[in-house]
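Structure, as structure tokens:
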Number of protein chains: 2
Amino acid sequence: MTTYSISDLARELDVTTRAIRFYEEQGMLSPERRGQERIYSPKDLVALKLILRGKRIGFSLAECKELIDLYDPSSGNRKQLETFMEKIAARRAQLEQQLLDIEQMKLELDTAEERCLAALAETKQKQGASA
Amino acid sequence: MTTYSISDLARELDVTTRAIRFYEEQGMLSPERRGQERIYSPKDLVALKLILRGKRIGFSLAECKELIDLYDPSSGNRKQLETFMEKIAARRAQLEQQLLDIEQMKLELDTAEERCLAALAETKQKQGASA
DNA sequence: GCGCAAGTTTACGTTTACGTAAAGGTAATC
DNA sequence: GATTACCTTTACGTAAACGTAAACTTGCGC
């Protein structure tokens, strides 16, 4: 069975060891120990991937923790599942808004760029062929 | 010509007055004054909207400031404009990743939900028609 | 047996984006 | 003239998510 050291995980998922220990401190990971040393299982790897994906989506660590707990079979808690699906829906809606915002901003930046370039051209003309 | 008080703006754009003053402190707004009182113009309203949109997209306030400076005609700086378009492109790419992450998570949550519901059904069956 | 790399804990520091009093000025209204 | 509603400044507080430094142990290679 495969195991990982903390720096294995850090390298593989591109996080710092500090972050990994922090997630453990927050109760999101619970690796085995060999003496002092942390030994991570593939299950831990998956959990860490979940955390990172949650972060990418914009969830807080607290929400990521909820997410992980959701995958814990010991909690057959349907209500939690439903509230979390709502959070995901909210996040999707926010993404839609972000897409709109970005499109809008792109449009405005494009026209700003045009004006800017036009102004530059005008300046050069007034200066004559001085360059 | 229309003007706004700070709480007009706060109401209209759904931000706190504290936030508005903070943005000014950061050099992102410079309203007129009538005595102590801040008087906002439509131009300020636009700037504040820009800030909020930038935030929604996920830009830091520092980046939002760059954004506003971009619209300032006194800076005919094309390089800034280009680097900012790059930031927007990066943000768009991140949004794509977020969409993927959300789709993936939705799939996983859906199957988790199924398993959960199935488990619940099983439990009820074993209990008989006790409810 | 020495050095070095990788691991550990403890603990204070940092950044961002405001929140939250505290303490007071101004202006309309009863 | 007292209340009420807004406005102001100053300033300390806060939450999240680690960064960073200190001080120490453990195992490997030579």
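Chain letters run A, B, ... following the sequence lines, proteins first, then strands; residues in each count from 1.
When the shell of 6.0 Å around CD of Gln26(B) is examined, it contains more than 12 heavy atoms from other residues, nucleotides or ligands.
For the pair Glu24(A) CD and dT9(C) C1', the computed distance is 12 Å after rounding to whole Å. Counting to the nearest Å, the P atom of dA6(C) and the CD1 atom of Ile20(A) are 15 Å from each other. Atom-to-atom, CZ of Phe22(A) to P of dC12(C) comes out at 16 Å; the value is rounded to the nearest Å. dG13(C) atom C1' lies 11 Å from atom CZ of Arg18(A), rounded to whole Å. Going from atom OH of Tyr4(A) over to atom P of dG7(C) covers 15 Å, rounded to whole Å. In this structure, CZ of Arg11(A) is placed 7 Å from P of dG7(C), rounded to the nearest angstrom. To the nearest angstrom, C1' of dT26(C) lies 11 Å from CZ of Arg34(B).
Asp101(A) and Arg56(B) make their closest contact through OD2-NE, 2.6 Å (heavy atoms, listed as atom of the first residue, atom of the second, distance).
Ionic pairing of Asp8(B) and Arg11(B) is present here: one or more N-O contacts between side-chain nitrogen and carboxylate oxygen are shorter than 4.0 angstrom. Under the 4.0 Å criterion applied to side-chain N and carboxylate O atoms, Glu103(B) and Arg92(A) are assigned as salt-bridge partners.
Read 5' to 3', the first and last nucleotides of DNA chain D with an atom closer than 4.0 Å to a heavy atom of chain A are dA17(D) to dT20(D).
In terms of position along DNA chain D, the nucleotide closest to Ile6(B) lies nearer the 5' end than the nucleotide closest to the other residue of the pair Ile6(B) and Leu61(A).
Taking five base pairs at each end of the helix from dG1(C)-dC30(D) to dC30(C)-dG1(D) and finding the rotation axis that steps the C1' atoms of four pairs onto the next four gives two axes whose angle is 10°, to the nearest 10°.
In this view, Lys49(A) satisfies the salt bridge (Lys or Arg N to Asp or Glu O under 4.0 Å) rule with no residue, not counting sequence neighbours.
Residue Arg38(A) has no polar side-chain atom (N or O) positioned under 4.0 Å from OP1 or OP2 of dG7(C).
By the 4.5 Å heavy-atom criterion applied to side chains, Glu32(A) and Glu37(A) are not counted as neighbours.
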